[in-house]
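For clarity, every value in this text was computed on a predicted model and none was experimentally measured.
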Amino acid sequence: MRENAGHTALDSDDDLRAPLKTSVNAEAARRDWNRIIIGIDPGTNVMGYGILGVNGKTPSMIAMGVVKLSKFESHYLRLRRIHSRVLGLVEQYLPDEMAIEAPFFGKNVQSMLKLGRAQGVAMAAALERDIPIAEYEPRKIKMAITGNGAASKEQVQEMLRRILKIEREQLLPELDATDALAAALCHFYETSKPAVASGPKSWKEFIAKNPDRVK
């Protein structure tokens, strides 16, 4: 992969937008962020991905793109491409975690089966590098980004653009990319919530933990 001014050159089957400088040296680029989350929107025709960098409490888009799979006639070749591309992204950006959209239940069993395989292959690539994985249902992701679990993909994209200050010219025609970035941002929100201490499960446990408060 060669470098152009301002963003990473495109792969032949990818459409990538990276508003921030992406270094060929992954270790050097990794030091720019406290935390990196890769988001994946699995698919067997188009797979979306988004790379989210976090500094303190501020998330920013590092890159997003799509992997176009329709040129492969074989479903198994598509799965192989998903695996190799996700592994390549993991090695390029060295993410700390993966957030992946969980397949939704549809009426077409065959489509569901293929989508589940695509998700599994992407997860396997992350697991090869010991990256923790979190799954989120589409409705939960939409709720986290827009406050509406029934929001359209276009609404999710526009809200992401505003939250992460993405320029309009950096958006892709395929909404799979912003769906993937939304999964990563949803994971950031979910894991940034303050932990709520659970109360005692019984009076006996309360006494054991608080002997000075019981006379």
Side-chain angles (χ1 to χ4, degrees), residues 1 7-18 37-52 61-93 95 98-128 131 133-142 145-146 149-161 166 169-187:
M1 227 184 202
H7 65 271
T8 305
L10 307 186
D11 276 351
S12 59
D13 65 339
D14 287 2
D15 194 358
L16 175 70
R17 297 291 183 271
I37 304 168
I38 180 171
I40 297 290
D41 179 30
T44 54
N45 290 316
V46 178
M47 184 196 80
Y49 60 87
I51 313 296
L52 191 75
M61 184 186 84
I62 298 176
M64 65 177 174
V66 294
V67 179
K68 298 175 182 178
L69 302 158
S70 55
K71 68 179 182 180
F72 299 104
E73 292 186 8
S74 167
H75 174 62
Y76 304 105
L77 289 178
R78 295 184 185 193
L79 294 178
R80 184 175 71 177
R81 178 56 178 160
I82 291 169
H83 183 273
S84 64
R85 193 66 187 95
V86 172
L87 194 57
L89 289 167
V90 165
E91 292 174 348
Q92 180 178 0
Y93 294 102
M98 171 184 280
I100 190 164
E101 185 173 304
F104 57 89
F105 291 99
K107 294 181 180 180
N108 189 319
V109 177
Q110 284 300 317
S111 294
M112 278 294 300
L113 177 62
K114 289 180 179 180
L115 188 58
R117 287 173 176 170
Q119 185 203 34
V121 166
M123 292 168 71
L127 291 171
E128 282 189 36
I131 295 174
I133 300 168
E135 295 181 70
Y136 296 98
E137 295 179 357
R139 185 176 181 84
K140 185 173 183 65
I141 295 173
K142 292 176 180 180
I145 306 304
T146 70
S152 67
K153 289 176 176 288
E154 290 80 7
Q155 288 172 323
V156 171
Q157 184 187 70
E158 177 59 20
M159 190 58 71
L160 273 176
R161 190 187 71 77
I166 302 170
E169 59 266 24
Q170 292 170 326
L171 296 174
L172 307 178
E174 298 89 357
L175 296 170
D176 311 79
T178 39
D179 280 353
L181 195 61
L185 186 58
C186 173
H187 182 65

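- Taken from CG in Leu52 to CD1 in Ile37, the straight-line distance is 5.5 Å, to the nearest 0.5 Å.
- Contact check for Leu171 versus Ile166: side-chain heavy atoms found under the 4.5 Å cut-off.
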Between Ile38 and Tyr93, is a side-chain contact (heavy atoms from CB on, under 4.5 Å) present by the stated rule, with each step listed?
CA-CA 8 Å; Ile38 180 171; Tyr93 294 102; over 6 Å; no
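- Between the SG atom of Cys186 and the CG atom of Asp179 there is a distance of 12.0 Å, given to the nearest 0.5 Å.
- The distance from the CE atom of Met61 to the CG atom of Leu181 is 6.5 Å, given to the nearest 0.5 Å.
- Going from atom CD1 of Ile133 over to atom NE2 of His187 covers 10.5 Å, rounded to the nearest 0.5 Å.
- The side-chain contact (heavy atoms from CB on, under 4.5 Å) search around Ser152 returns Glu154, Gln155, not counting sequence neighbours.
- Residue Ala102 comes nearest to Pro138 through the heavy atom pair O-CD, 3.5 Å, listed as atom of the first residue, atom of the second, then distance.
- Atom CD of Glu137 has 12 or fewer neighbouring heavy atoms from other residues, nucleotides or ligands inside a 6.0 Å radius.
- For the pair Tyr49/Asp41, no side-chain contact is recorded, criterion being any heavy-atom separation below 4.5 Å from C-beta on.
- Taking each heavy atom of Thr44 and Ala118 in turn, the nearest pair found is CG2-CB, 4.0 Å.
- Side chains of Gln110 and Leu113 form a contact here, defined as non-hydrogen atoms less than 4.5 Å apart.
- Checking Glu101 against Gln119 by side-chain atom types alone, no donor-acceptor pair falls below 3.5 Å.
- The line from CD of Glu174 to CG of Asn45 is 11.5 Å long, rounded to the nearest 0.5 Å.
- A salt bridge links Glu158 and Arg161; the closest N-O separation between the charged side-chain nitrogens and carboxylate oxygens is under 4.0 Å.
- Taking the side chain as every heavy atom from C-beta outward, Ile145 and Leu160 approach each other to under 4.5 Å.
- Using a 4.5 Å heavy-atom threshold, the side chains of Val86 and Met98 count as touching.
- When side chains are defined from C-beta on, Pro95 counts as touching Ile131, because their heavy atoms get closer than 4.5 Å.
- Remark: Lys153 NZ is packed, more than 12 non-hydrogen atoms of other residues, nucleotides or ligands lying under 6.0 Å away.
- Of all heavy-atom pairs spanning Gly65 and Leu172, the tightest one is CA-CD1, 3.7 Å.
- Rounding to the nearest 0.5 Å gives a distance of 13.0 Å between CE of Met123 and CD1 of Ile82.
- A salt bridge does not link Glu73 with Arg78: none of the charged nitrogens is closer than 4.0 Å to a carboxylate oxygen.
- A distance-only check finds no donor-acceptor pair linking the side chain of Lys68 to the backbone of Val46 [under 3.5 Å].
- Across Gly43 and Leu115, no two heavy atoms sit closer than the pair CA-CD1, 3.9 Å.
- Counting heavy atoms from C-beta outward, Arg81 and Met47 have side chains that stay 4.5 Å or more apart.
- Counting heavy atoms from C-beta on, the side chains of Ile100 and Pro42 come closer than 4.5 Å.
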